[in-house]
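See below for the structure under consideration.
Below, each value reflects all heavy atoms present in this structure, side chains not excepted, and no hydrogens, waters or symmetry copies.
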Amino acid sequence: MSENENKNLNIKKILLAAFALIILSFISFTAARAFSFEKSQDAASLTSEEAFDLTQFLLSNYPEEHQTLKKLPYNIGEPQLDIWAKSAILIDVSNGNILYQKNADSIIPPASMTKLFAMYVVEEEIAAGRFSYDQLIPLPPESWACNMPPHSSLMFLGKDQRVTMEELLLGLSICSGNDAAYALAYTVSGTMEAFVERMNLVAADLGLANTHFVESSGYSEENQTTAREMAEFAAIYLRRHPDSLHRFHSVLDFTYPKQKNLAPGDHIQSQDFTKGFPQKITMPITQLNTNPLLGKLEGCDGLKTGYIDESGYNLALTAVRGETRFLSVTMGGPGNSVSEGQAGRVHDGTELMEWAFNNFADYPLELKVHPYLVRSFNASQKMIRLIPAFTENTFTVPYVSGNTMAENLDSVRVEVQLPDYCWGAVEQGSVQGKITISAAGYILQEIPLVADRSLTSGNVLIYISDIMLSKIFMYNR
């Protein structure tokens, strides 16, 4: 063999060895990458910047679905309901879906529904530990019943009485006591003006642009809101303070003052009225809850009435049956007397709630709508999360099939469509799959599944390796 032939042979051997080494290195790289894919059980946590960007993207691209109140995701036509009130709205509390509305953006004085905002402020203070239900509250003269405006609803607070925070809240919710509203305002903030500023701050923080208060009892016609904004607030109030329903709003009656409430040395006796009101209230007075549907409408456990001449008869009403809770707000109800006004509240509240419970029910989604993990090949990370672009814990299902609502709910299907894997560069927020919700074959909503992060493409070695790995993982699924 010549010297050149020998040299060429050595070169071939070197090239062959180098090639074999490259192949072995590639095989080792691919095996290690395959092992790392097998070990990958979750995607890396998002950085704070990535999490912020994702939130902003979802709010910007799906704004309506992230509002507190929103339209149903399917069309039910225009409900033909006989509602006497000038303005009304009906929502599913769990997700804010609007089932019915009538002139819901008309600005009307809320009257004593104002007291819900006052209760919210107080409940927030108690939750923060600055007050407690059982503490005794001093009563300034501004809160005595004898100093209230004419025709006020009253709890009948009087000079030197001993009353707890919880009793004031009961007097506010059950009797709609304007005196209780003043006592709470002075207790929490020192003045009515400062307390009303707190109430208006709550409305502003919630984006309730048409809601504004000048005092906390609802007596003034200068207080204003809309049925839509009152419903939005009430839904938030119930979510933040659910115990208030059984503690205050569903209580049927309230007796005050009792012997324990009287000043030392006073005893229960008949009243000595001066100036139209007794200076000292020493006779117990039992008042029924002003909500006429408590104990009459199945599942009704709140919420608050309101009336002044300028508003008509208002009612924020809620009822629960099973796992489904609806809430309605009717404003500007008709009536030339209390009995006529109450009859209108009963009519409208029953009409709305019975229609809602007969035609809709909540279906739990929390176990079926969540982030989904998907492998990502030829990318900077091996796993990616696909998250719903919007969702709630429950879905409002219409009655479309079956002999009962239970049978109708049995027909609900939640189907998840995922890609086999993601490949290469992925943009945060890009749609990669979807969740389809249907009942009896009718598609009710499709929720996009979007990438929770951006990924960059891998290099050439990763590209070649992952072509094989993606096929292997697909084959072995």
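Looking at Asn408, its side chain does come within 3.5 Å of a backbone N or O of Pro398 through a donor-acceptor pair. Remark: side-chain polar atoms of Gln56 are not paired, donor with acceptor, to backbone N or O of Phe52 under 3.5 angstrom. The main-chain N or O of Glu78 is found under 3.5 Å from a side-chain atom of Gln80 such that the two form a donor-acceptor pair. Counting only distance, with no hydrogens or angles, the side chain of Ser152 and the backbone of Pro149 share a donor-acceptor pair below 3.5 Å. In this structure, the side chain of Thr324 engages the main chain of Asp362 through a donor-acceptor pair within 3.5 Å. A donor-acceptor distance shorter than 3.5 angstrom exists from the side chain of Arg385 to the backbone of Ala43, with no hydrogens or angles considered. Here the side chain of Asp179 pairs no donor or acceptor atom with the backbone of Ser143 at under 3.5 angstrom. Distance alone, capped at 3.5 Å, is enough to place a donor-acceptor pair between the Ser220 side chain and the Glu222 backbone. Although no hydrogens or angles enter the test, the distance criterion places a donor-acceptor pair under 3.5 Å between the side chain of Thr55 and the main chain of Ala51. With hydrogens and angles disregarded, a donor-acceptor distance shorter than 3.5 Å links the side chain of Glu351 to the backbone of Asp82.
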Chi angles and distances behind the side chain to side chain contact (heavy atoms under 4.5 Å, CB included) call for Val414, Thr436 | CA-CA 6 Å; Val414 181; Thr436 302; over 6 Å; no

Decide yes or no on side chain to side chain contact (heavy atoms under 4.5 Å, CB included) for Ile174 and Asn289, but give the supporting numbers first.
-> CA-CA 4 Å; Ile174 299 172; Asn289 196 307; 4.0 Å; yes

Yes or no on salt bridge (charged side-chain N to carboxylate O under 4.0 Å, His left out) for Glu446 and Lys434, after CA distance, side-chain angles and deciding distance?
-> CA-CA 6 Å; Glu446 291 183 342; Lys434 65 180 179 180; 3.4 Å; yes

Please assess Ile387 against Leu58 for the test side chain to side chain contact (heavy atoms under 4.5 Å, CB included), listing each intermediate value before the final yes or no.
-> CA-CA 10 Å; Ile387 66 167; Leu58 296 178; 4.0 Å; yes

Is there a side-chain hydrogen bond (donor to acceptor under 3.5 Å, both in side chains) between Ser48 and Glu50 once you walk through the steps?
-> CA-CA 5 Å; Ser48 57; Glu50 287 175 324; over 6 Å; no

Check step by step if side chain to side chain contact (heavy atoms under 4.5 Å, CB included) holds for Ser216 and Met199.
-> CA-CA 8 Å; Ser216 67; Met199 293 170 61; 3.7 Å; yes

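Contact detail for Pro292 and Arg345: the closest heavy-atom pair is CG-CB, 4.0 Å. Taking both residues in full, the closest heavy atoms of Gly306 and Ala111 are given as C-CB, 3.6 Å, listed atom of the first, atom of the second, then distance. Closest of all the heavy-atom pairs between Pro371 and Pro388 is N-CD, 4.4 Å. Across all non-hydrogen atoms, the minimal contact from Val346 to Thr350 is O-OG1, 2.7 Å. Across all their heavy atoms, Ala451 and Val426 have their closest contact at CB-CG1, 3.6 Å. Residues Glu167 and Phe254 share a closest heavy-atom pair of O-CZ, 3.8 Å.
For the residue pair Lys102/Thr330, the side-chain donor-acceptor check at 3.5 Å is not satisfied. Inspection of the Thr211 and Thr225 side chains reveals an N or O donor paired with an N or O acceptor under 3.5 Å. Side-chain polar atoms of Thr290 and Ser176 form no donor-acceptor pair below 3.5 angstrom. Asp92 and Thr396 share a donor-acceptor pair across their side chains, judged by distance under 3.5 Å alone. Side-chain atoms of Asn223 and Glu215 form a donor-acceptor pair, as typed in the model, at a separation below 3.5 Å. Side chain to side chain, Asn95 and Asn97 meet the donor-acceptor criterion of an N or O pair below 3.5 Å. Checked by atom type, the side-chain pair Tyr62/Gln67 shows no donor-acceptor distance below 3.5 Å. Judged purely by distance below 3.5 Å, without hydrogens or angles, the side chains of Glu166 and Thr164 never pair a donor atom with an acceptor atom. In this structure, a donor-acceptor pair under 3.5 Å is absent between the side chains of Glu427 and Ser454. Side-chain contact annotation: Gln287 with Tyr256, donor-acceptor N/O pair under 3.5 Å absent.
Here the straight-line distance linking atom CD of Glu310 with atom CD of Gln224 works out to 13.5 Å at 0.5 Å rounding. Here the CZ-CG distance, from Arg247 to Leu169, works out to 9.0 Å after rounding to the nearest 0.5 Å. Separation of atoms CG (Asp205) and CD1 (Ile236) is listed at 10.5 Å; rounding is to 0.5 Å. Between atom CG of residue Leu449 and atom CG of residue Asp452 there is a gap of 11.0 Å, rounded to the nearest 0.5 Å. Separating the CD atom in Glu65 from the NZ atom in Lys71 is a distance of 9.0 Å, to the nearest 0.5 Å. The OG atom of Ser94 lies 9.5 Å from the CG atom of Leu365; values are rounded to the nearest 0.5 Å.
Residues Trp355 and Phe360 bring their aromatic ring centres within 6.0 Å. Tyr307 has its ring centre less than 6.0 Å from the ring centre of Tyr313.
You'll find the side chain of Tyr133 reaches within 4.5 Å of the side chain of Ile126, heavy atoms only. Contact of the Phe233 side chain with the Val202 side chain is registered, since non-hydrogen atoms from C-beta on lie closer than 4.5 Å. Proximity of Met353 to Leu317: side-chain heavy atoms (C-beta onward) are separated by under 4.5 Å at one or more points. In this structure, Met331 and Lys86 have side chains that are not in contact, with every pair of non-hydrogen atoms separated by 4.5 Å or more.
Applying the side-chain contact (heavy atoms from CB on, under 4.5 Å) rule to Glu125 yields the partners Arg130, Phe131, Val188, Arg198; only residues at least two apart in sequence or on another chain are considered. For the ring-ring contact (aromatic ring centres under 6.0 Å, His included) test, residues two or more places apart in sequence or in another chain that qualify with Phe213 are Phe117. Asp53 meets the side-chain contact (heavy atoms from CB on, under 4.5 Å) test with Glu49, Gln428; sequence neighbours excluded. With sequence neighbours left out, the side-chain contact (heavy atoms from CB on, under 4.5 Å) criterion links Leu288 to Asp253.
Residue pairs meeting the side-chain hydrogen bond (donor to acceptor under 3.5 Å, both in side chains) criterion with at least one partner in residues 233-246, sequence neighbours excluded, are Tyr120-Arg240, Glu124-Arg240, Glu124-His241, Tyr237-Ser244, Tyr237-His249.
The only member of Glu392, Glu64, Glu232 that meets salt bridge (Lys or Arg N to Asp or Glu O under 4.0 Å) when paired with Lys70 is Glu392.
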Residues 293-301 side chain polar contacts: donor-acceptor under 3.5 Å, at least two apart:
from   : atom 1 : to     : atom 2 : distance (Å)
Asp301 : OD1    : Arg325 : NH1    : 2.9
Asp301 : OD2    : Arg325 : NH1    : 3.4
Asp301 : OD2    : Arg325 : NH2    : 2.8

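Between Trp84 and His347, the angle of the ring planes stays under 30°, which puts this pair in the parallel group of the 30/60° scheme.
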